[in-house]
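Structure first, commentary second.
Chain A is the first sequence line, chain B the second, and so forth, proteins listed ahead of strands; every chain is numbered from 1.
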Amino acid sequence: MSSSDFSKPYDPKDVEPRWRARAEASGWYAARDVGAHEDSFCIMIPPPNVTGSLHMGHALFITLQDAMVRHARMHGKNTLWLPGVDHAGIATQVVVERELRREGLTRHDLGRERFIDRVWEWKRRSGDRIFEQLKVMGASPDWSRAKFTMDPDLSAAVREAFVRLHEQGLMYRANRMVNWCPTCRTVLSDLEVDREEPEAGRFNSELFSFAYKLSDGSGEIVVATTRPETMLGDLAIAVHPDDPRYRDLIGKTVRHPFVDREFPIIADAILADPTKGTGAVKITPAHDFNDFECGRRHGLGEITILNPDGTLNAEGGPFAGMDRFAAREAVKKALEEKGLARGSAPHNIAYALCQRSKDILEPTLSPQWYVKMQPLAEPAVKAVEEGRTVFVPEEWTKTYMHWMTHIQDWCVSRQLWWGHQIPAWYCADCGGTTVQREDPSACQHCGSAKITQDEDVLDTWFSSALWPFSTLGWPAETDALKTFYPTTVMETGYDIIFFWVARMMMMGIHFMGEVPFSRVLLHGLVCDENGQKMSKVKGNVIDPLDLVHGATVDQVIANAVGKRVSGDAVGLDAADRKKFLDAYPSVGKLPEGFRAFGADALRFYLGAHAPQSRKINLNLSRLQGYRDFCNKIWNATRFALTHIADVAPRPTGDFPTPHSLAERWILSRLAAAVEGVENGITQFRLDEATSAVYQFFWYELCDWFLELCKPVFDAGSDAEKASYKLTLAHCLEVSHRLMHPLMPHLTEECWSHLPDAIRRRRSDGVVPEALAVAAFPNAGDARRDLDAERVMGVLQDTIEGVRRICAELGIKPGAAITVRLRTADPRYAQTFHDYEGALRRLTRAREVVVEAPGERPRGVGYASIHGVEVLIPLAGHIDPAKEGERLEKDVAKARKESDGITRRLANANFIANAPAEVVEKDQARVRELTERIERLGDALAIVRELG
RNA sequence: AGGCGCGUAGCUCAGUGGUAGAGCACCACCUUGACACGGUGGGAGUCGUUGGUUCAAUCCCAAUCGCGCCUACCA
């Protein structure tokens with residue numbers, strides 16, 4: 001067995017790579033194509049971009065999905081987590097073009113074929129890097145099924161989908177207004193457009209006014225624009241029909257000052273708004289969405305003035321060849337010179353920017369392919385209305401519905417080279433379009449061989465929309481599809497509901513006849529400590545791998561601002577450091593830099609946040625806390641192993657028969673933890689799962705049960721020892737299985753060290769090869785025992801009471817004290833007797849005496865807990881002033897609580913309306929408090945006499 | 001402009017119609033043979049503000065302030 005020697009401190013750098021290697025050599029994560037859907041569990045990994053490297057968003061989805069997947073697998077489900085990467089059209093092409101630019105080349109220098117070869121080469125070089133990084137995080141997908149959206153089979157699925165949609169009249173080509181990016185030289189879908197709002201209190205543009213002279217020489221009409229250069233494409237001026245300023249001008253024409261053109265002043269109540277600008281709008285049908293509509297309404301035609309690169313074409317007349325921004329200034333200047341300028345005013349517009357290049361987009365007229373959305377959207381809306389697909393958290397349902405019911409046709413063609421080329425061929429002879437599955441050799445319509453394929457490729461999201469079934473072999477009717485479609489869960493970020501989730505819903509229902517997944521789980525964004533989105537510009541990006549492997553603060557900052565330098569972090573300046581430290585104040589508390597927190601600690605940390613919160617603000621000191629928890633698990637296991645090597649086998653198929661109160665108690669708490677984790681994982685509340693297990697393991701198993709084991713191991717009878725050993729070993733073993741979906745590496749390592757006798761066997765009696773393929777804990781592993789919890793609670797509170805007296809009276813831990821416990825309850829008395837050794841050990845008392853209630857001697861530290869009186873005689877040592885202060889504090893606390901409840905009980909309306917159990921609980925509590933106050937009062941009186 | 005979300009301890013976050021919880025941080029004590037990446041004890045919040053519903057509101061409703069996100073428009 002490859003395992004550590006359990007050398008002292010926990011070291012993830014040692015543990016994690018070893019288990020990663022073992023997992024890779026194993027078949028643990030393989031799913032089976034059984035052809036039957038029952039008992040299957042399937043999640044499709046949201047495919048990261050080939051260009052990408054691991055970021056916090058990936059780390060988060062790996063944590064959430066892997067926990068669900070491991071949990072399902074351990075429950076014996078036929079579990080498929082299918083990994084893959086996306087070709088990410090624009091993103092990848094941009095990266096490769098950037099690389100070319102460093103060699104002084106553009107893609108046009110290479111030509112389409114050689115450029116695509118180049119991208120493939122780049123993909124081969126770096127394409128699997130993201131998988132390696134997923135492995136570092138401990139992800140457990142079925143690697144043998146890894147897919148790439150440009151694989152031959154997935155490309156065939158894309159073409160099949162395109163052709164079918166075309167045959168069904170749902171895929172069509174149209175000449176419409178689109179958002180054009182002059183830098184990327186492609187059209188973008190509405191979703192790929194970013195809006196840049198102006199900063200508060202600042203103007204980002206100006207509204208420039210100028211006059212058109214009327215053709216008949218009778219005057220002029222003044223229009224206003226933020227884009228003066230577009231006037232070169234103007235074909236009308238629109239005014240509101242009821243606007244008295246312009247009513248008489250309707251029907252007249254104006255003369256263009258720079259090109260030989262006359263055009264009319266028209267009435268358009270839809271577009272013209274008398275309250276805006278001058279009330280007269282210049283109409284540029286080819287370069288504005290509203291103007292285009294207006295132009296169509298009035299049959300104005302369109303004049304395109306821009307080249308694809310954003311320079312002006314021949315229509316620009318004297319301005320032809322100029323860049324659009326240069327042309328803007330030139331047009332303004334020319335208008336001034338002609339005496340047509342009418343001033344300008346500061347103005348604000350929300351620029352439409354390219355998501356990739358950040359360039360300002362130009363609305364342009366262009367022929368593109370569209371998918372008709374309405375017939376696809378309707379069933380997808382219905383599916384959610386009927387609950388066949390459910391969103392968690394459910395408030396996203398509204399967002400989905402709103403978008404789906406206001407949906408526009410989807411522009412799916414892109415003027416790129418990297419992607420799935422559109423399977424449409426245009427005939428030079430008859431002008432017809434041939435769309436088919438196999439590359440045609442002749443025009444479908446006239447038989448001509450002079451056909452050329454559409455140059456464009458499909459939007460990346462088109463192939464992504466098919467992901468839940470294209471990855472399972474569609475369009476063939478495969479066993480994989482039968483087994484895993486519809487998938488169980490789709491887990492992803494809320495930021496791609498429209499891009500991806502909605503489109504998968506539509507395509508899944510359309511092509512498969514069934515929703516692609518029954519639950520959509522949406523997680524939030526991982527942000528910096530102050531809640532700011534991570535970005536290179538802000539300098540607050542943290543690479544999860546730095547957290548896993550450890551790094552100096554400077555290295556992390558270098559990554560954050562994108563100044564990754566091998567070796568030293570050269571080039572960092574004070575501003576970079578300040579930006580980063582402002583974003584992460586708690587880094588100041590990590591003097592030795594970032595330790596290797598390990599993938600398990602990072603997973604546990606990410607899992608500890610409510611997944612449905614919109615933001616997860618990265619807090620490094622909290623992460624450190626979970627790293628400490630890993631160490632705690634490590635050490636507890638290490639301690640236990642020194643005692644349980646000879647543990648007896650667990651009674652067949654059941655949990656140990658608990659002999660003592662402490663054992664019954666810890667098994668009961670274990671049952672609670674099992675329940676908490678089970679519910680947490682199945683209800684998409686990993687935070688509740690992590691907290692259940694953290695609470696149990698640290699505060700119950702380690703702080704109490706382990707400590708209660710020690711006196712038994714020291715001085716118990718053989719039978720007692722054997723029993724405690726079994727219970728301890730059992731709790732550990734179940735804990736390891738319980739925590740495995742959250743912390744796969746650490747738990748594998750710890751579990752591998754447990755004696756075979758204690759490890760849960762499979763139904764065939766064989767010890768599983770690893771936790772990854774072991775059974776998840778269930779009701780057979782532990783049982784709640786509320787009676788044990790109650791009595792144990794008294795013992796715990798009594799011990800804590802003694803400690804508090806000692807701490808607050810300043811009694812040194814070494815002092816030889818005698819603790820007297822007085823109770824009239826024989827059950828408690830028996831418990832105190834049974835745990836006399838533990839009581840001494842845990843309170844550091846020399847002697848513990850259990851006795852019946854009686855007169856109180858003078859000079860004692862005193863407390864009253866659950867009717868148990870705790871007395872610590874300290875004749876000679878005690879400071880009456882301190883003891884008095886302590887008792888007064890206790891009395892005040894009890895009185896305050898009691899008063900509050902009494903006030904409530906005095907309210908007749910409360911008695912009449914509140915549920916009976918609430919009233920009874922209150923009454924019982926008041927009785928207890930009254931008794932306590934009485935006894936504390938007596939004690940206080942005696943102390944006052946002394947003082 | 002419309003929609004959504006958030007505002008709880010110094011920080012990061014859970015939570016509930018019955019007078020509040022965690023981790024970290026803080027204070028004091030303890031180097032006890034799993035762990036100082038530890039143990040013990042302690043302090044700390046008028047649950048953004050104002051109204052309303054209720055016997056009872058941090059929780060439900062309304063308004064308001066502050067922050068964030070999304071969608072749309074912008075001559």
Side-chain angles (χ1 to χ4, degrees), chain A residues 6 8-10 190 195 205 207-209 223-227 238 271-273 276-283 288-291 347-350 393 395-396 398-399 402-403 406 494-495 497-498 524-525 527 529-533 585-586 589 595 605 608-610 613-643 685 687-688 691 694-695 702-703 706-707 710 800 803-808 810-814 841-844 896-897 900-901 903-904 907-915 918-919 921-922:
Chain A
F6 255 110
K8 260 210 158 181
Y10 163 64
D190 300 343
R195 296 282 167 179
S205 177
L207 194 56
F208 181 81
S209 300
V223 294
T225 178
T226 54
R227 294 181 298 158
L271 184 63
D273 178 349
K276 283 188 180 171
T278 61
V281 203
K282 58 190 272 311
I283 305 295
D288 184 281
F289 286 88
N290 292 316
D291 292 8
H347 191 71
N348 269 329
I349 53 173
E395 68 241 30
W396 291 111
K398 257 186 261 174
T399 310
H402 182 264
W403 191 71
H406 292 79
Y494 67 78
D495 50 329
I497 292 178
F498 305 143
L525 246 48
C527 297
E529 222 167 298
N530 299 323
Q532 295 294 308
K533 210 164 155 173
S586 75
K589 291 172 201 145
R595 294 168 51 199
Y605 166 76
H609 291 80
S613 76
R614 292 210 176 185
K615 284 195 301 192
I616 291 179
N617 297 347
L618 202 61
N619 184 273
L620 295 160
S621 61
R622 191 164 166 191
L623 173 58
Q624 171 66 50
Y626 291 120
R627 159 73 228 245
D628 294 346
F629 180 54
C630 291
N631 191 52
K632 190 78 180 174
I633 296 168
W634 180 265
N635 279 304
T637 306
R638 198 154 64 90
F639 166 75
L641 282 171
T642 60
H643 293 95
R685 286 302 304 261
D687 58 321
E688 288 178 359
S691 97
Y694 186 96
Q695 161 82 21
C702 291
D703 286 353
L706 227 47
E707 294 304 326
K710 287 175 183 173
E800 283 169 359
R803 285 171 178 164
R804 191 170 153 238
I805 294 170
C806 293
E808 294 191 353
I811 297 163
K812 292 282 171 223
R841 190 181 183 107
L842 296 178
T843 62
R844 315 206 68 188
K896 191 182 164 204
E897 192 186 341
I901 302 171
R903 216 174 303 130
R904 193 159 67 203
N907 183 341
N909 287 323
F910 171 69
I911 304 292
N913 293 303
V918 172
V919 176
K921 208 177 118 197
D922 275 359

For the side chain of [X], starting at C-beta, report the closest nucleotide among [options].
X        : options                : answer
A/Arg638 : B/rU12, B/rU32, B/rA34 : B/rA34
A/Arg903 : B/rC37, B/rU19, B/rG23 : B/rU19
A/Ser613 : B/rG38, B/rU71, B/rA14 : B/rA14
A/Glu707 : B/rG23, B/rC35, B/rC37 : B/rC35
A/Lys812 : B/rC30, B/rU12, B/rC69 : B/rC30
A/Arg685 : B/rG15, B/rU40, B/rG42 : B/rG15
A/Ser621 : B/rU12, B/rA75, B/rC24 : B/rC24
A/Pro915 : B/rA34, B/rC11, B/rG18 : B/rG18
A/Ala807 : B/rC37, B/rG41, B/rA75 : B/rG41
A/Asp687 : B/rA14, B/rC29, B/rC37 : B/rA14

Expressed as a whole number of angstroms, how long is the span from [X]:[atom1] to [N]:[atom2]?
X        : N      : atom1 : atom2 : value
A/Asp922 : B/rG18 : CG    : P     : 12 Å
A/Ile616 : B/rG23 : CD1   : C1'   : 15 Å
A/Phe498 : B/rA72 : CZ    : P     : 8 Å
A/Glu395 : B/rG68 : CD    : P     : 20 Å
A/Glu808 : B/rU40 : CD    : P     : 16 Å
A/Leu842 : B/rU32 : CG    : C1'   : 11 Å
A/Tyr10  : B/rC35 : OH    : C1'   : 14 Å
A/Ile811 : B/rC30 : CD1   : C1'   : 15 Å

So do the side chains of A/Arg803 and A/Leu842 get within less than 4.5 Å of each other, counting heavy atoms only? yes
For residues A/Thr399 and A/Tyr494, determine if any side-chain heavy atom of one lies less than 4.5 Å from a side-chain heavy atom of the other. no
Between [M] and [N] - [atom1] atom distance, rounded Å:
N      : M      : atom1 : result
B/rC47 : B/rA9  : C1'   : 10 Å
B/rA57 : B/rU16 : C1'   : 11 Å
B/rC37 : B/rG43 : C1'   : 25 Å
B/rU32 : B/rC6  : P     : 49 Å
B/rG45 : B/rC11 : P     : 14 Å
B/rG52 : B/rG17 : C1'   : 16 Å
B/rU40 : B/rA56 : P     : 42 Å
B/rU53 : B/rG15 : C1'   : 23 Å

Base, sugar-phosphate alone, or nothing: which one does [X] contact when heavy atoms must sit under 4.0 Å apart?
X        : value
A/Val223 : nothing
A/Thr226 : sugar-phosphate
A/Cys630 : nothing
A/Asn907 : sugar-phosphate
A/Asp703 : sugar-phosphate
A/Arg803 : sugar-phosphate
A/Arg841 : nothing
A/Ala608 : nothing
A/Ser691 : nothing
A/Ser209 : nothing
A/Leu271 : base
A/Arg227 : nothing
A/Gln695 : nothing

Where RNA chain B forms runs of at least three Watson-Crick or G-U pairs (i with j, i+1 with j-1, under 3.5 Å), the stems are B:1-7 with B:65-71, B:10-13 with B:21-24, B:26-30 with B:38-42, B:48-52 with B:60-64
With no angle test and no hydrogens, is the base of [N] tied to the side chain of [X] by a donor-acceptor pair under 3.5 Å?
X        : N      : result
A/Asn631 : B/rC37 : yes
A/Lys632 : B/rC35 : yes
A/Arg614 : B/rC6  : no

On the nucleotide B/rA34, are OP1 or OP2 found under 4.0 Å from the side-chain N or O atoms that A/Lys710 carries? yes
For B/rU40, take OP1 and OP2 only and decide whether either is under 4.0 Å from a side-chain N or O of A/Arg804. no
Side chain to side chain donor-acceptor pair (under 3.5 Å) for A/Asn907 and A/Arg904? Distances and angles first, verdict last. CA-CA 5 Å; A/Asn907 183 341; A/Arg904 193 159 67 203; over 6 Å; no
By nearest heavy atom, map A/Tyr694 and A/Lys282 onto RNA chain B; which one lands nearer the 5' end? A/Tyr694
Taking for A/Ala610 and for A/Ile911 the nucleotide of RNA chain B with the nearest heavy atom, the one nearer the 5' end belongs to A/Ala610
Working for side chain to side chain contact (heavy atoms under 4.5 Å, CB included), residues A/Asp291 and A/Leu271: CA-CA 8 Å; A/Asp291 292 8; A/Leu271 184 63; 3.8 Å; yes
Show your working on side chain to side chain contact (heavy atoms under 4.5 Å, CB included) between A/Tyr10 and A/Ile633 and close with a plain yes or no. CA-CA 9 Å; A/Tyr10 163 64; A/Ile633 296 168; over 6 Å; no
Set out, in order, the CA-CA distance, both residues' side-chain angles and the distance that settles side chain to side chain contact (heavy atoms under 4.5 Å, CB included) for A/Ile497 and A/Trp403, then state yes or no. CA-CA 10 Å; A/Ile497 292 178; A/Trp403 191 71; over 6 Å; no
Counting distance only, does the side-chain N/O of A/Tyr605 pair as donor-acceptor with the main-chain N or O of A/Asn619 below 3.5 Å? yes
Heavy-atom pair of closest approach, residues A/Ala224 and A/Thr278: N-OG1, 4.2 Å
Here's one to test your reading of the geometry: is the NZ or CZ of A/Lys632 within 45 degrees of the ring axis of A/Tyr694 and under 6.0 Å from its centre? no
